[in-house]
Amino acid sequence: MAPSGRADATVGHGELIRAVEQALTAHGRALLTGPAGAGKSEVAAAVAAAAEARHETVLRLAPEAADRWIPEASAAALLASVPCAVLERLAGPQRTAVALLRREADAPRAGRDHLALRLAVVEVLRTLAARTPLLLVLDNAQWLDAESTDLLGFALRLTPPRVRVLVAECVQGGTPAAEPLCGPGTPAIRIPPLGADQVAELLVRHGLPARLAGRVHQASGGNPRLALALGHSLAEAAGARDGSAHHADPLPLSGQAREVARRLLAVAPAPARRTLLLAALAARPTTALLRRAGRPDAEAELAEAERAALVTVGEDGAVTFTAGALPMALAADAGWPERAAGHAALAAAVDDPVQAVRHRALAVDAPDEWLAADIARAAADCRRRGQRALAAELGLLAAERTPFDRPGEELARLVAAAEDAGWAGRADLARRATRAVLARDASPSDRVRARLAVIDAAGQALGTLDETFAHAMDEAEGDPALQAAVQLRVAWKCNLSDGDPVRSRDAAAEAGALAAAGGDQVAEAMALTVRARMGRILGDPDAEDILAEALALPAPEVPLGMRNAPQYLAVRHALFDDRLDDARSQLLVLLPAVQRTGSSEDVFEVLRSLSEVELRRGRCAVASAHARRALELTIEAGLSPGPAWYVAAMAEATGGSFARAAGYARRGIQASEEERDQVFLSRSLYALGLVELATGEAAKAVATLRRVAELEAAQQVVDPSILRWHGELAEALVAADAPDEAAGLIDAVRASALSLGRAPVVAALDRARGLALSAHGAAEAAVDLLTETAERFRELRLPVERGRTLLALGRVERRRRRRAPARAALQAAAEVFAEAGAKPWAQLAGEGPEPVPAAAGPAVALAALTEGEARLALLVAQGASNQEAAAKLFVSVKTVEARLTRIYQKLEVRSRAQLATTLRAPGVGR
């Protein structure tokens, strides 16, 4: 973070800066508002810098809080920034008044010539604006003293239009400072909060982990200064603990983060802050609840807080803090007696028995046998209702309130709390409960169960838990059921973090044998599921039989998560096989079931698969809705963000915006690298490569997709239907002028796809093969193959893939200068994309064939070539030898010779002289 603690104005504020400049151009005045830390000063500075770059004169004034009580202090500061040469041109009385003000800003005002001072300010502004336009930037306008406000308001009413004024201030209710300065009707532009993506960009710019963006966004409410402070607090806390920060940890509110939150809260009057504290302590605050808890003026006090952008109050009276750090700061700054009194009042006011028990527990800090029993029963109720995070919190409270002479009950409650936290993905609660278990005289079984909860809560970040795995394996020795549970998680880690499906399969086989010996059919089914999943990856023909064996076992309540159950893997296999209707119907059965269990990761997995299924079915709007829900759930539950960003990237790449897709993909890449998640690293890279290919960045697409190929090779992935990058890489190679390499890749993967019966993969490879044929000059064969492939995709009911094939066909026809067939293919592609809701692809297809001017022979010739061929053709036409062209293009002479052969074929020329004649036209190649 910069020493000032300020955020970058350009992050998320590009459109805002343009809006301010437009308002200044149209009206000459603009008001920039927002809460403290929103970035007003940064935006104002960016607008000022742009004005200076246009050689305009800029005057800046930024008073501080103390200046508000010093008469004419801000006016003196403004005049102090004016060049002396301008002040020396003032008339005598005006010059004297300015000199007195600059020397004695805090002296008594009696005896000063205030009229002369006013006229002096008017004359200064007119003089400065006479040479170049003048921009007056008044930052922190809320701290202007009344006398300076009056003086500047008078002066600005008399200045010419060349004097423009930008006022930036925190508006906390009441009359904005800009009204007397700029007059009524001044365009007011409020700085909106940053989105989660923009927070991610901000964190990355300041060297902070992108994977924390969702949590930081939720806690900061999109306030840039608070987001950075929270990010740094989290990084410092992680460094003090073990060098890593977990995605599900609560964000520490310490140091600068607490100060920023305090400054935001300070604008609310004391009575409103007391009401806000009660709202902070409540799980679901409403105005009615706060009234019942002893705040009769809750509506009026919350209205003040709402004007200060601290909360929003819904039509039903629900109170929501604009930033999650605000209730944390309120609770942290309140003393224990105040918090205890608030919990006691809420315990008597809430209508939910579970919340009543929670508040009763938080209102006391002494052991109480009966209260502990009530809390434990409430935790059990939450467990049944799928509220596992709340169950974990209550379990810890029950353990803390258990009398010291009941260690067995305390330990059982701690273990249950750990397991609830593991299920809910609350790593902070899981670690807290596990530390307490390990500090007691716990049995090996309890110690292993607690350690497994920490592993289960880690989400995708299993690569940092080697020590936990080692202890769990040691303590499980001699108990086959416990050993099976540990080995099962080892199998998950080998796949997810290590990218080693062979080791994962072997660990799963060991887990299955141990589970069978220990009589644990649930673990046995899970182990078979891992074996089937790894078998599919490795191209094992027995994978489906292993999955059938897992499905044949009695269906349990799946205590280890639906995402690891055979029923869910069956859905994934249906998706890989493009049995999309089957996959969708099964997912719609699973969705309510996983929502009942309370596992956020299970719900995310089902939403992810639904999004992928709907994209393949050509229902992009529905897919995007599922992706949005998955991303919202990830942020709300604090899950690893890499998978959610991948899902969002694919939804955007197909049905939204290529630019947004690239942004999501890059976030997913960074988060997956930070968490050492090999599986979703390759997926996010694939999404980025797809976007680069679609947007014509062939060289970048090749580099990105080659990384995918390397990762997939390292993970020993054989089945090409799981992540279908092969056709995209082949297309990118063709576009990058490497059709021979593309053909080799196509042949190798096609053989594997045919042997496994992956017809859609074969069709995607044939689309790439058609483009390679075109690049080799076999246009007729290319057209025939692409036409046939488009029909195959229609029969497979994969509309987006069919549209992409028609788009490729149109481009090939256009390269052949067959305008009518090209137009027909592109129109058909546009119609397919439009029906599917594939907006960015529809825009590509809608571009149509380029118009051919009457005298555009050379341009048409170049349009028939690939980008690499066109560069070579121009070099050769200008007289470069093969060796010279190879050196300039960084390729071998052999490659130059092969490309020249293709160029001659495409342009129907036989020599360098004919090529030069064909491309000889004014301006070609310049």
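FYI, the numbering just counts along the sequence from 1.
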Are any side-chain N or O atoms of E306 and backbone N or O atoms of V313, one a donor and one an acceptor, separated by less than 3.5 Å? yes

No-hydrogen, no-angle side-chain donor-acceptor test under 3.5 Å, S148 and E72: no

Residue pair V20, L166: steps toward the side chain to side chain contact (heavy atoms under 4.5 Å, CB included) verdict: CA-CA 8 Å; V20 171; L166 172 59; 3.8 Å; yes

Of all heavy-atom pairs linking A627 and V647, the shortest is CB-CG1, 3.7 Å

Which residues pass the ring pair (Phe, Tyr, Trp, His ring centres under 6.0 Å) test with F154, not counting sequence neighbours? none

Gap separating the CG atom of N140 from the OG atom of S41, nearest 0.5 angstrom: 5.0 Å

Test item: L156 and V165 side chains (from C-beta on) under 4.5 Å apart, heavy atoms: yes

Could you measure the distance from the CG atom of L685 to the CZ atom of R707? Nearest 0.5 Å is fine. 4.5 Å

Using modelled atom types and a 3.5 Å cut-off, is there a donor and acceptor pairing between side-chain atoms of R190 and backbone atoms of T33? no

May I ask you to decide if L302's main-chain N or O and R307's side chain share a donor-acceptor pair within less than 3.5 Å? no

Between the CG atom in L690 and the CE atom in M650, the distance rounded to the nearest 0.5 Å is 5.5 Å

Side chains of T322 and V311 in contact at under 4.5 Å (non-hydrogen atoms): no

Answer yes or no: is there a donor N or O on one side and an acceptor on the other, between the side chain of Q198 and the main chain of G195, under 3.5 Å? yes

Between the side chains of N223 and S220, is a donor N or O closer than 3.5 angstrom to an acceptor N or O? no

Does any N or O in the side chain of D67 come within less than 3.5 Å of the main-chain N or O of A73, such that one atom is a donor and the other an acceptor? no

What's the shortest heavy-atom distance between P133 and R162, and which atoms? N-NH2, 3.4 Å

Closest non-hydrogen atom pair, V163 against A129: CG2-CB, 3.6 Å

Going by an N to O cut-off under 4.0 Å, is there a salt bridge joining R68 and E169? no

If you look at every heavy atom in A323 and G221, which pair is closest and at what distance? CB-N, 3.7 Å

What's the shortest heavy-atom distance between A227 and V199, and which atoms? CB-CG1, 4.4 Å

So, for I635 and Q218, which heavy atoms are closest and what is the spacing to 0.1 Å? O-OE1, 3.5 Å

Residues passing the salt bridge (Lys or Arg N to Asp or Glu O under 4.0 Å) test with E64, sequence neighbours excluded, are none

Taking the side chain as everything from C-beta on, heavy atoms only, tell me whether L16 gets closer than 4.5 Å to P192. yes

Could you give all pairs that pass the salt bridge (Lys or Arg N to Asp or Glu O under 4.0 Å) test and reach residues 114-123, with sequence neighbours left out? R118-D150

For residues L202 and L228, determine if any side-chain heavy atom of one lies less than 4.5 Å from a side-chain heavy atom of the other. yes

What do the steps show when you test K40 against D139 for salt bridge (Lys or Arg N to Asp or Glu O under 4.0 Å), and what is the final call? CA-CA 8 Å; K40 300 179 298 299; D139 197 5; over 6 Å; no

Stepwise side chain to side chain contact (heavy atoms under 4.5 Å, CB included) check, L78 with V124: CA-CA 11 Å; L78 180 66; V124 164; over 6 Å; no

Identify, with sequence neighbours excluded, every residue that meets salt bridge (Lys or Arg N to Asp or Glu O under 4.0 Å) alongside R60. E52

Just checking, any donor-acceptor pair under 3.5 angstrom between side chains of S672 and S684? no

Validation row: L230, V260 side chains within 4.5 angstrom (heavy atoms): no

S640 and E675: CA distance, side-chain angles, deciding distance, side-chain hydrogen bond (donor to acceptor under 3.5 Å, both in side chains) verdict: CA-CA 8 Å; S640 295; E675 295 198 326; 2.9 Å; yes

Could you go through the side chain to side chain contact (heavy atoms under 4.5 Å, CB included) check for L59 and L125 one step at a time? CA-CA 10 Å; L59 279 184; L125 295 178; 4.2 Å; yes

Tell me, please, which residues at least two apart from R660 pass salt bridge (Lys or Arg N to Asp or Glu O under 4.0 Å). E652

Mind checking salt bridge (Lys or Arg N to Asp or Glu O under 4.0 Å) for E21 and listing every partner two or more places apart, or none if nothing turns up? R54

Report the distance from atom CD of E147 to atom CG of L152, rounding to the nearest 0.5 Å. 11.5 Å

Using a 3.5 Å distance criterion without hydrogens, assess whether the side chain of H27 forms a donor-acceptor pair with backbone atoms of P187. no

Working for side chain to side chain contact (heavy atoms under 4.5 Å, CB included), residues W841 and F658: CA-CA 9 Å; W841 294 94; F658 286 138; 3.8 Å; yes

Min side-chain heavy-atom separation R666-Q670 under 4.5 Å: no

Going by heavy atoms in the side chains, are F321 and T312 under 4.5 Å from each other? no

Is R628 salt-bridged to E632, going by a charged N under 4.0 Å from an acidic O? no

Are any non-hydrogen side-chain atoms of H232 and L208 less than 4.5 angstrom apart? yes

